[in-house]
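Chain letters run A, B, ... following the sequence lines, proteins first and then strands; every chain starts at 1.
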Amino acid sequence: TLTKLRFSRNAFTNLEREKFENLLQGDEFYRIRLPSNVLSPPGRDYIISSVKARCLPREGLDEHFVIHTEGVNILAVNYGAPGACAYPRQLKLPAKWSFNSHTVLKNSEQAPRTPVFAEEIVGVENPEGEVVMPPERSFWAKYWMYLIPLGLIVMNAVTQAMNIPEEQTAGQPGSQTQQSAMQRGQSPAVRRR
Amino acid sequence: MGVAIRVFVLLLFFSSTIPTFSLFEDQVGLMDWHQKYIGKVKHAVFHTQKTGRKRVVVSTEENVIASLDLRRGEIFWRHVLGTNDAIDAIEIALGKYVISLSSDGSILRAWNLPDGQMVWESSLQGTKHSKSLLLLLNAEVNKDNAILVFGKGCLHAVSSIDGEVLWKKDFSAESVEVQQVIHPLGSDMIYVVGFVGSSQFDAFQINAKNGDLLKHKSETLPGGFVGEISSVSSDTLVALDATRSILVTINFQDGNISFQQTYISDLVEDSSGMAVILPSSLTGVFGVTINTLTLFVRVTTEGKLEVVEKIDQEIAVSDALLLSEGQQAFALVQHGGEKIHLKVKLGHNWNSDFLRESIEMDNQRGLVHKVFINSYIRTDRSHGFRALIVMEDHSLLLLQQGEIVWSREDGLASIVDVTTSELPLEKEGVSVAKVEHNLFEWLKGHMLKLKGTLMLASPDEVAAIQAMRLKSSEKSKMTRDRNGFRKLLVVLTRAGKVFALHTGDGRVVWSHFLHSLRKSEACGYPTGLKVYQWQVPHHHALDENPSVLVLGRCGQSSRAPAVLSFVDTYTGKELSSLDLAHSIVQVIRLPFTDSTEQRLHLVVDADQRAHLYPKNPEAVGIFHRELSNLYWYSVEADNGIIKGHAIKGNCIGEVLDHYCFDTRDLWSIVFPSESEKIITTVTRKLNEVVHTQAKVIADQDVMYKYISKNLLFVATVAPKASGEIGAAMPDESWLVVYLIDTVTGRILHRMVHYGSQGPVHAVFSENWVVYHYFNLRAHRYEMSVIEIYDQSRADNKDIWKLVLGKHNLTSPISSYSRPEVVTKSQSYFFTHSAKAIAVTSTSKGITSKQLLIGTIGDQVLALDKRFVDPRRSINPTQVEKEEGIIPLTDSLPIVPQSYVTHALKVEGLRGIVAVPAKLESTTLVFAYGVDLFFTRLAPSRTYDSLTEDFSYALLLLTIVALVAAIFVTWVLSERKDLRDKWR
């Protein structure tokens, strides 16, 4: 496989420079091409890539290549500005007419392997045939639904049990006398009406 | 061990929390429908009288063998053979088996006639590609009731009882192109006739009992032969010579071959044009077509030819049917205006018609392509005939006594493309009486339902409830509903017919057989390609009906001229059609519409020119404004090149055409031909809605999805491994996947799966792509996911930046900026092989997604996207669990309840389409193949509406009861108050 690739970048001649300026004026595409095979250029076909010319000028002409290779073949070249290219592209002529190139060579990366949990699955299957007991739950966790109503009933019973003796001891005799007194007091009034 | 148990328990817990789509038994058919079809009939065999039951067995171009009820046209049984198992012939043997020959004459199967069970199957070996023929031998010749099969250059005699090969005769050594196998009635000889080269005629005489070659004669005709042979009698054949101007009568009686030549010009004056012999089996007569003229020519005993009838019209002829004692009948079908004329003639008496019927025929069915006849004995002991006819639109009709007994729309078995259309809005002003009636019905229905829920209903009432739910008039109304469940599915079939199906119950609302896609002199082999929404009125042109655009071409090659047709989706009328001068390779739907809401389409032809439609100045104006921002790509799969294009300017030609544009190449990617071959390319759906770009992950962090409409997923495999699974070793097969920006041609992501191969099925949505392939090392299918995130926006998390306005969220995105993306990917094992993959889509994109996987069993499986998440890990933290991340497993679970198609099968599944409903939670799913299936899915349950089963009556009753209770208690408390006061 290819580990190093050396290529040269020709500077613009005057004619080319004029042409490039025309491209900048018209917001046109600047197109480059590379052979698709390094050993026997041009290979099957030239690989082309283009960028809006207005993306390139900064101080000089900044360009960024990403070359994707596969063996001795070049699959594709991604060509463009090294940074952002703001959308309403402004017309700007470069101060220096020299290229400032950055190049990255990329090979394909390998996909992550599918995880295999063979041993863990065996563990879960439990070769001895034992039934895995669910973790023992506490008393409350098991029987809360019975306990709560029971508690309510108990509480109810307790409050009733507490109420009844109270009424019998203190309330009963007093109320009787009061009632009789009231009755006595009321009845004349009723009769008066 | 302990960890494993915990993982397992957690898994159980999570799998129980994931909402799965499932139905109760009584919900089947509430919101789904299923239709069974068979496709265009190729052969039909009627049951003989003895079997009693009125059935016909047919084989079709969709590789279906089916037994149909002759009374109603229903399917008794049906078998769908594989896509590359085309049926060559069918016959009925022994009165109880259906024999089918398929796969170029190499697989012979016997099916039980009453129930369609397979009785036996035998595969016949052969070396050469050849014509496949199937012939039954009579019982008196051979006790085994042998079947003669010619296929792959060999003649086999197969026992029809158990499918064993009795004898075999190989013809591949003789380099003879066998044309016919003839078995004269009552003899024990078989004649095999064919051509060697183009000019030598060979006849082999073979003993039918043991396959011994008795005689072999050959004779040369200097003129040479071309095309088909038609057998006129057991020892006479008719063929055409190489110039197609001479009819050659071949007589091979007793092994002596003699030719007799007759010029076609002697038979008919105007004989210029291609003469073709009709493939039919009539005794003594054969048919020849010259252009549109059809001649029926009788061969006299002396070998003379005489024309018996000339018909200057499209015509369909049936095979001869043996009536009784050597009497043969056959049928002719002709068109005449709105009617078709069916004529049944007896073989020996051409001049008079035995039966003549005229049947009214809908002109939406086109011409009659095929006719099969069957006779029955009427009560008055005369012969009656029924005819099964196959029309140009692939529909199947049964004619009897001058009437259409039934018809089947079997064109729907071969759907090419699907789109949807809205229904008309509901008209204002509904009458009061109707409302009252409806109200009463409504109340009654709800009372019934209430009874059902309270378990008070009697069995009769339960049945009534079920029937009411299934036949709810609400779902099959012809108007738009608030939830957007009711729509029209506009489908284009291979025959070129457009159908509109109602999503409520699947009925055909209208159908239109497009004139531009009918076979005509101008257009020999029209093929329908695509159907798109053309005009969706919503803003400006509300009073206009929506319409669809149907694209087709005249012929098979990509250079054939294109045809456009516009169809109104409310009425099904063809509004207009255009026969274009240019070809059609690619259609680009632009995201712009003109003032009448017609969408702009760009048609790219084979010469790399782009043509704009609709052709009006306004559209050109809109197009010119957006010209500089228009990019597209093309994939040359055979060359292994992907190219990007842009518009250059108007076409340069003799005539100035404002609607034609020249294009230029912007970028190209050349895959090395020795190591990579493109097998799949997938893009996002254009109309997909993404709700939010930000994805909040567990630790309150934000990831930004890289949402670009211009992403292309490409999968390539090693050329060696592009064939069947198992054809290549794991070491020499690999699968490379790419994510490519289609504006600049940038490869954003590139990854190799070593030891894997296709077929690759993929789906692209939002910022992720899921693809399915085969892993040779693990001997299993796998599904992988790639998610792509945008890093350039990652630093917007700082709240101060947002406050001070220093963020870049509002700046326009340019593809020419260098993208900063990260990708995450993960692979999982998946048990099934897939036929198609789609993804649910909802109107706002909020609802979580499900993958819809068409499995090899012709079912559709809904798999939650959360299972194919690259961020799954073995031990998710507590926060990750809260986010909904499922613990990592090596394979994807297949929950039986999550089959969308529940117990049904969509035979021959080819595609799945998901359409958003107006209700956010719901998506409409349409799966098509030989069968059609439609359902409604709610990937996260219907969180935004009450279910249809919701008992309004119960709610009402509760409210009434509560109000009553309030009143009662109020009155009671009033009384008590009063009593207290009186005290």
Just how far is it from atom CZ of B:R750 to atom CD of A:E70, taken to the nearest 0.5 Å?
-> 5.5 Å

Separation between OG1 (B:T744) and CZ (A:F29), nearest 0.5 Å, reads 10.5 Å

Sole residue of B:S784, B:S825, B:P870 in side-chain contact (heavy atoms from CB on, under 4.5 Å) with A:P112 | B:S825

Heavy-atom pair count under 4.5 Å with chain A, highest-scoring of B:R664, B:R818, B:Q826 = B:R818

In terms of heavy-atom contacts, does NZ of B:K677 have more than 12 from other residues, nucleotides or ligands at under 6.0 Å?
-> no

Drop me the distance from B:S673's OG to A:D45's CG, to the nearest 0.5 angstrom.
-> 11.5 Å

Using a cut-off of under 4.5 Å for heavy-atom pairs, which of B:N629, B:I641, B:I786 has the most such pairs with chain A?
-> B:N629

Contact origin within B:I740 toward chain A - heavy atom pairs under 4.5 Å | neither

Please state whether the side chain, the backbone, both or neither of B:Y754 comes within less than 4.5 Å of a heavy atom of chain A.
-> side chain

Looking only at heavy atoms, which two atoms of A:Y46 and B:S668 are closest? And how far apart?
-> O-OG, 3.5 Å

One should read off an interatomic distance between B:I747 CD1 and A:L75 CG, to the nearest 0.5 angstrom, of 5.5 Å

Pick from B:K643, B:H749, B:M751: which one has the most heavy-atom pairs with chain A under 4.5 Å?
-> B:M751

With only heavy atoms counted, which part of A:H64 is less than 4.5 Å from chain B, the side chain, the backbone, both or neither?
-> side chain

Heavy atoms from other residues, nucleotides or ligands near CE of A:M155 exceed 12 (cutoff 6.0 Å) | no

For A:Y79 and B:R746, work out which heavy atoms get closest and say how close.
-> O-NH2, 4.1 Å

What distance do A:S49 atom OG and B:I669 atom CD1 have between them, rounded to the nearest 0.5 Å?
-> 9.0 Å

Based on non-hydrogen pairs under 4.5 Å, which of A:I47, A:I32, A:D27 is most in contact with chain B?
-> A:I47

Report yes if the side chains of B:D665 and A:R31 come closer than 4.5 Å at any heavy-atom pair, otherwise no.
-> yes

Interface check, chain B: of A:V77, A:V66, A:V51, A:N37, most non-hydrogen pairs under 4.5 Å belong to A:V51

So how far is it from A:S36 OG to B:F671 CZ, rounded to the nearest 0.5 Å?
-> 12.0 Å

Return yes if a side-chain donor-acceptor contact under 3.5 Å exists between A:N73 and B:E676, otherwise no.
-> no

So which part of B:R777 gets closer than 4.5 Å to some heavy atom of chain A, the side chain, the backbone, both or neither?
-> neither

